[in-house]
**Q** 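The following block contains the structure, expressed as structure tokens.
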Amino acid sequence: MNKDTYRSRNGGSWVNRVYGALRAQHGPQAWWPAEGRFEIMVGAILTQNTAWSNVEKAIANLKAAGMLDAGAILQAPDDELAQLIRPSGYFRIKARRLRKFCEWYTGLREYRNLRYWSTAKLRHALLGVYGVGPETADDILLYAFNRPVFVIDAYTRRIFARLGLIGGAEPYDEIRAEFERELGRQPGRMGEYHALIVQHGKLVCRPEPRCGACDLRAMCRFYKARRHSR
DNA sequence: ACCCAGGGTCATA
DNA sequence: TATGACCATGGG
């Protein structure tokens with residue numbers, strides 16, 4: 001008995017079945033909400049544990065100041081950068097993170113050559129940058145570089161734990177590996193999937209004790225019941 | 001006046 | 001390996 005019991009009856013693994021349900025409920029998402037590689041990377045750092053609406057204000061400030069550029073960020077005084085991104089929260093520490101990231105990015109001989117790095121090498125390099133953890137690195141890999149990497153965030157843990165498909169407290173890379181194994185290398189689908197998960201987490205799959213009206217409720221019951229009977 | 005948000009680092013055991 | 005403190009603004 002494994003997670004694919006549903007597959008033989010319905011066609012598609014649990015990963016694809018949940019995807020279909022989310023897509024049916026929320027429609028196409030069209031992520032990442034940004035223009036250009038650098039803006040995506042900046043957004044990935046600024047949105048750490050922060051509502052996107054706050055990040056939008058910070059990015060608008062950077063744009064208006066002509067600072068949506070690695071060189072410009074490195075030239076700006078520390079305090080000026082911090083004040084610009086203030087709406088995104090944790091603004092002092094995030095100013096440092098942006099700076100460290102820009103140091104790494106501009107320090108590369110030719111950062112257009114990142115295109116030719118292997119995904120593993122690029123991921124390792126990103127994780128070596130101060131302020132870039134697994135989720136931020138994977139946001140950048142998937143949305144800025146179109147690499148087949150699945151992003152695991154708090155919503156993913158909550159939704160799939162509630163479905164009974166994961167425990168929820170597993171290490172980041174363990175959950176990521178499971179999704180990537182089930183999905184295969186499909187960056188476009190991975191990006192849309194993560195976007196759907198975020199949308200579902202924001203609007204429907206709220207923290208306990210109460211989840212909202214949810215088209216996945218039947219699936220929740222099915223998987224949880226089967227999980228408990230093992 | 002709470003709770004929550006598209007995490008990461010660091011110190012400690 | 002695994003907890004806990006800390007970082008901070010803005011919306012519900």
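Since the model is a prediction, treat every value here as computed from it, not as a measurement.
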**Q** Do the side chain of Lys94(A) and the main chain of Leu46(A) share a donor and acceptor less than 3.5 angstrom apart?
**A**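 Indeed, once roles are kept as given, a pair shorter than 3.5 Å links the two residues.
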**Q** Please report the distance separating the C1' of dG10(C) from the corresponding atom of dA1(B), rounded so that it comes out in whole Å.
**A**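 Per the computed distance, 15 Å lies between those C1' atoms.
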**Q** Within the 4.5 Å heavy-atom criterion, are His194(A) and Tyr143(A) side-chain neighbours or not?
**A**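 Contact flag for His194(A)/Tyr143(A) side chains = yes.
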**Q** Taking DNA chain B as the partner, which of residues 50-69 of chain A come within under 4.0 angstrom of it by heavy atom?
**A**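 Under 4.0 Å from DNA chain B: Thr50(A), Ala51(A), Trp52(A).
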**Q** Measure from CZ on Arg206(A) to P on dC2(B) and round the result to the nearest Å.
**A**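 Interatomic distance, CZ of Arg206(A) to P of dC2(B): 19 Å.
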**Q** Where the side chain of Asp153(A) is defined as all heavy atoms beyond and including C-beta, which of dA8(C), dC4(B), dG6(B) is the nearest nucleotide?
**A**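 Ranking dA8(C), dC4(B), dG6(B) by closest atom to the Asp153(A) side chain puts dG6(B) first.
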**Q** For Trp31(A) and dG6(B), say yes or no: do the ring centres fall under 5.5 Å of each other while the ring planes differ by less than 30°?
**A**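 Yes; centroid distance and tilt both under limits.
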**Q** Considering only heavy atoms from C-beta outward, does the side chain of Val151(A) approach that of Thr156(A) to under 4.5 Å?
**A**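 No. Closest side-chain heavy atoms not under 4.5 Å.
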**Q** Distance check, rounded to the nearest 0.5 Å: Glu178(A) atom CD versus Ile152(A) atom CD1?
**A**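 That separation rounds to 9.5 Å.
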**Q** So Ile159(A) and Leu165(A), side-chain contact (heavy atoms from CB on, under 4.5 Å) or not? Walk me through it.
**A** CA-CA 9 Å; Ile159(A) 292 168; Leu165(A) 290 166; over 6 Å; no
**Q** How many Å lie between CH2 on Trp32(A) and P on dG6(B), as a whole number?
**A**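 Roughly 10 Å, once rounded to whole Å.
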**Q** In whole Å, what separates the C1' atom of dA2(C) from that of dG6(B)?
**A**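 The same atom, C1', in both gives a distance of 24 Å.
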**Q** Ignoring hydrogens and angles, tell me if any N or O in the side chain of Thr106(A) forms a donor-acceptor pair with the backbone of Cys102(A) under 3.5 Å.
**A**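 Yes: the side chain of Thr106(A) pairs with the backbone of Cys102(A).
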**Q** Can a side chain N or O of Arg86(A) be found less than 4.0 Å away from OP1 or OP2 on dA8(C)?
**A**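 Answer is no, no contact under 4.0 Å.
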**Q** Hey, is the main chain of Gly168(A) close enough, under 3.5 Å, to the side chain of Arg157(A) for a donor-acceptor pair?
**A**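 Confirmed, Arg157(A) side chain pairs with Gly168(A) backbone.
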**Q** In whole Å, what is the span from the NE2 atom of His200(A) to the C1' atom of dG6(B)?
**A**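 It is 15 Å, rounded to the nearest whole Å.
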**Q** Round to the nearest Å and state the distance from Glu192(A) atom CD to dG6(B) atom P.
**A**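 In whole Å, dG6(B) P and Glu192(A) CD are 17 Å from each other.
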**Q** Stems in DNA chain B: runs of 3 or more consecutive Watson-Crick or G-U pairs, distances under 3.5 Å?
**A**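 The stems are B:2-5 with C:9-12, B:7-13 with C:1-7.
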**Q** Please give, in whole Å, the distance from dT3(C) P to Glu170(A) CD?
**A**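 In whole Å, dT3(C) P and Glu170(A) CD are 13 Å from each other.
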**Q** Verify, without hydrogens or angle tests, whether Glu192(A) (side chain) and Gln29(A) (backbone) share a donor-acceptor contact under 3.5 angstrom.
**A**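 Answer holds: yes.
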**Q** Which whole-number value in Å describes the distance from Leu98(A) CG to dA8(C) C1'?
**A**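 One finds 15 Å between C1' of dA8(C) and CG of Leu98(A), rounded.
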**Q** Just checking Thr136(A): base, sugar-phosphate only, or nothing, at a heavy-atom cut-off of under 4.0 Å?
**A**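 Sugar-phosphate contact only.
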**Q** Under 3.5 Å between N/O atoms: give me all the protein pairs with nucleotides 4-6 of chain C, atom names plus distance.
**A**
none

**Q** Is Asp138(A) salt-bridged to Arg123(A), cutoff N-O under 4.0 Å?
**A**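 Arg123(A) and Asp138(A): salt-bridged.
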**Q** According to the ring-ring contact (aromatic ring centres under 6.0 Å, His included) rule, which pairs have a member within residues 50-96 of chain A, sequence neighbours left out?
**A**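 Those involving residues 50-96 of chain A are Trp32(A)-Trp52(A).
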**Q** Got a salt bridge between Glu180(A) and Arg185(A), using NZ or NE/NH1/NH2 to carboxylate O under 4.0 Å?
**A**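 No, this pair does not count.
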**Q** Between the side chains of Arg115(A) and Asn146(A), is a donor N or O closer than 3.5 angstrom to an acceptor N or O?
**A**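 Short answer, no.
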**Q** For Phe179(A), enumerate each residue passing the ring pair (Phe, Tyr, Trp, His ring centres under 6.0 Å) test, keeping only those at least two apart in sequence or located in another chain.
**A**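 Ring pair (Phe, Tyr, Trp, His ring centres under 6.0 Å) list for Phe179(A), sorted by chain: Trp14(A), Phe150(A), Phe160(A).
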**Q** Can you check whether Phe101(A)'s main-chain N or O pairs, donor with acceptor, with Tyr130(A)'s side chain at less than 3.5 Å?
**A**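 Not a single qualifying donor-acceptor pair exists.
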**Q** Which atom pairs link the protein and nucleotides 9-13 of chain B when you take only N or O atoms and keep those under 3.5 Å?
**A**
{"unit_1": "dT9(B)", "atom_1": "OP1", "unit_2": "Gly131(A)", "atom_2": "N", "d": "3.0"}

**Q** Does Asp153(A) offer a backbone N or O that forms a donor-acceptor pair with the side chain of Tyr172(A) under 3.5 Å?
**A**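 Checking the backbone N and O of Asp153(A) against the side chain of Tyr172(A), no donor-acceptor pair under 3.5 Å is found.
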**Q** Nearest of dC7(C), dT9(C), dA5(B) to any side-chain atom of Arg158(A)?
**A**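 Within the option list, the nearest is dA5(B).
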**Q** Grab the CG-P distance between Leu196(A) and dG6(B) for me, whole Å please.
**A**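 Atom CG in Leu196(A) sits about 15 Å away from atom P in dG6(B).
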**Q** Can you measure Arg157(A) atom CZ to dG7(B) atom P for me and round it to whole angstrom units?
**A**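 Rounded to whole Å, this separation is 11 Å.
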